[in-house]
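Because only heavy atoms are used, hydrogens play no part in the values below, and waters and symmetry mates are left out as well, while side chains stay in. Per chain, numbering begins at 1; letters A, B, ... match sequence-line order.
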There are 2 protein chains.
Amino acid sequence: MTPKYKGIREILLARITDGTWPPGAAIPHEAALAEEFGVTRPTISRALRDLVEGGLVERRRRAGSRVALRHTPEAVLRIPVVRDEIEGRGGIYAHLLLGRRAAAPPAAVRAAFGLAPGKPALHIRSLHFDNGRPQQLEDRWINLRVLPEAADQDFSATSPNEWLVRQVPYSRAEQVLRAAAAEPAAAEALHLPPGAAVFVIERTTWTGGDAITQVRLTHPAETFRIVTRDGW
Amino acid sequence: MTPKYKGIREILLARITDGTWPPGAAIPHEAALAEEFGVTRPTISRALRDLVEGGLVERRRRAGSRVALRHTPEAVLRIPVVRDEIEGRGGIYAHLLLGRRAAAPPAAVRAAFGLAPGKPALHIRSLHFDNGRPQQLEDRWINLRVLPEAADQDFSATSPNEWLVRQVPYSRAEQVLRAAAAEPAAAEALHLPPGAAVFVIERTTWTGGDAITQVRLTHPAETFRIVTRDGW
DNA sequence: GAGTGGTCTAGACCACTCG
DNA sequence: GAGTGGTCTAGACCACTCA
């Protein structure tokens, strides 16, 4: 049996998409809807909350609910874990550790990690293969102040990402997605001509107030895309 | 006054991030948490639901709640409306209509639109400028079966996107993000050298069962990025 | 000041899933 | 079968915001 609030949500959604309530129009009060559908107000509120989270409806106290003018489409973005992605489409995954050393990180990383100048962080470079073809170049810094045990970890067997996932769940992450022309070192590692188009993801991850790790993932443009869905 | 469920959510979050409940660990039953915090079970459920939506917790009936092994980070992706984005950072926005005609769309578009072979759709190409510099090339098809009034619309004043937003709120969208080497026509329009790296967004939008529009947005790599945040 | 949404309670029944 | 989360009710108080 499907929950009442979901059924109501679908009916309200239909009224929005079929033009009964065009963009900008007022939606009846929660109390009125509760009476119409023969449920209590919290149930209506639950249905409306989903529509608000989906960006279709805006609610303000005194002012009531309205159909949103959707200026900013929102979608849930899943950044795939490279191994899951490759194995999910039947490819053979492999992982090669290119380098691993403690070093003073660049200023941007140092600031995010809250490190004093000259203090080291762990720098790891590795390459992820799909059926023997380089699919992702990973350039990662790990905050040794937060995760000193990373210094003793051998990342040739377990990839840094998989290890980190089991250590600390992050509470907050920020990601930048962009296209770029491949820098020489990246182009060489990925077997691309210099200047080839690549897709770059830069992610910084925090737990509590401290950044745990910052990573740049570089992908050949031809073999990488992110697909995203929105709505129901 | 901050709601109880938010306060509880923060406490639970802290227990997860500080390692009290490491990844994979069981979280006490809702009933136990309700007693601990002196609230009723629905309030606990509300707090946990937020954590589930944030990907930090997994719940299964009989089995209870656990801290998730976060294999798939999720983030809310906001694809900016080009005009808002440019004006938001103080730039001067301009919009130039390059072409507008009814034509038979390519097969992929025809399938999404549910059109018979040879049936026309509206094809619009336009360019969006930031302080006089080309910032986005828009290549759009509009389904005239669903929106016949688009045929009479003059898109030189109002951009297709702004017009569409006011006509139909979409119920579902799918987007593909990728990097590419600019094709000759795109490179020329964007004043880029041929083969330059570009960031491409392809979005298909549905309302009910019919796709309304499909659009490809091409951006110079140097001037475009998407920033995304996750968690609290 | 008054109307609307935001939240909470106390209790209940049910669905799902594990043992 | 039994334990856990999923949902719902009936009623309530409060916060915010508009007129």
Between C1' on D:dA19 and CZ on A:Arg62, what's the gap in Å once rounded to a whole number?
6 Å
Between B:Phe37 (CZ) and C:dC8 (P), how many Å, whole number?
13 Å
pair_partner(C:dG11), Watson-Crick or wobble, both distances < 3.5 Å, evaluates to D:dC8
Of the candidates D:dG3, C:dA12, D:dA12, the side chain of B:Arg41 sits closest to C:dA12
Side-chain ion pair, B:Glu58 and B:Arg66, N-O less than 4.0 Å:
no
Separation of A:Tyr5 atom OH from D:dT7 atom P, in whole Å?
4 Å
Looking for any heavy atom pair under 4.0 Å, which part of the strands does B:Arg46 touch: base, sugar-phosphate only, or nothing?
sugar-phosphate
Within the 4.0 Å heavy-atom criterion, would you say A:Arg60 contacts the bases, only the backbone, or no part of the nucleic acid?
sugar-phosphate
Identity of whatever pairs with D:dA2 - Watson-Crick or G-U, under 3.5 angstrom
C:dT17
Phosphate OP1/OP2 of C:dT9: any B:Lys4 side-chain N/O under 4.0 Å
yes
Is the number of heavy atoms from other residues, nucleotides or ligands within 6.0 Å of CZ (A:Arg60) greater than 12?
no
When the distance from NE2 of B:His29 to P of C:dC18 is rounded to whole Å, what number comes out?
14 Å
Are B:Glu138 and B:Arg125 within salt-bridge range, i.e. N to O under 4.0 Å?
no
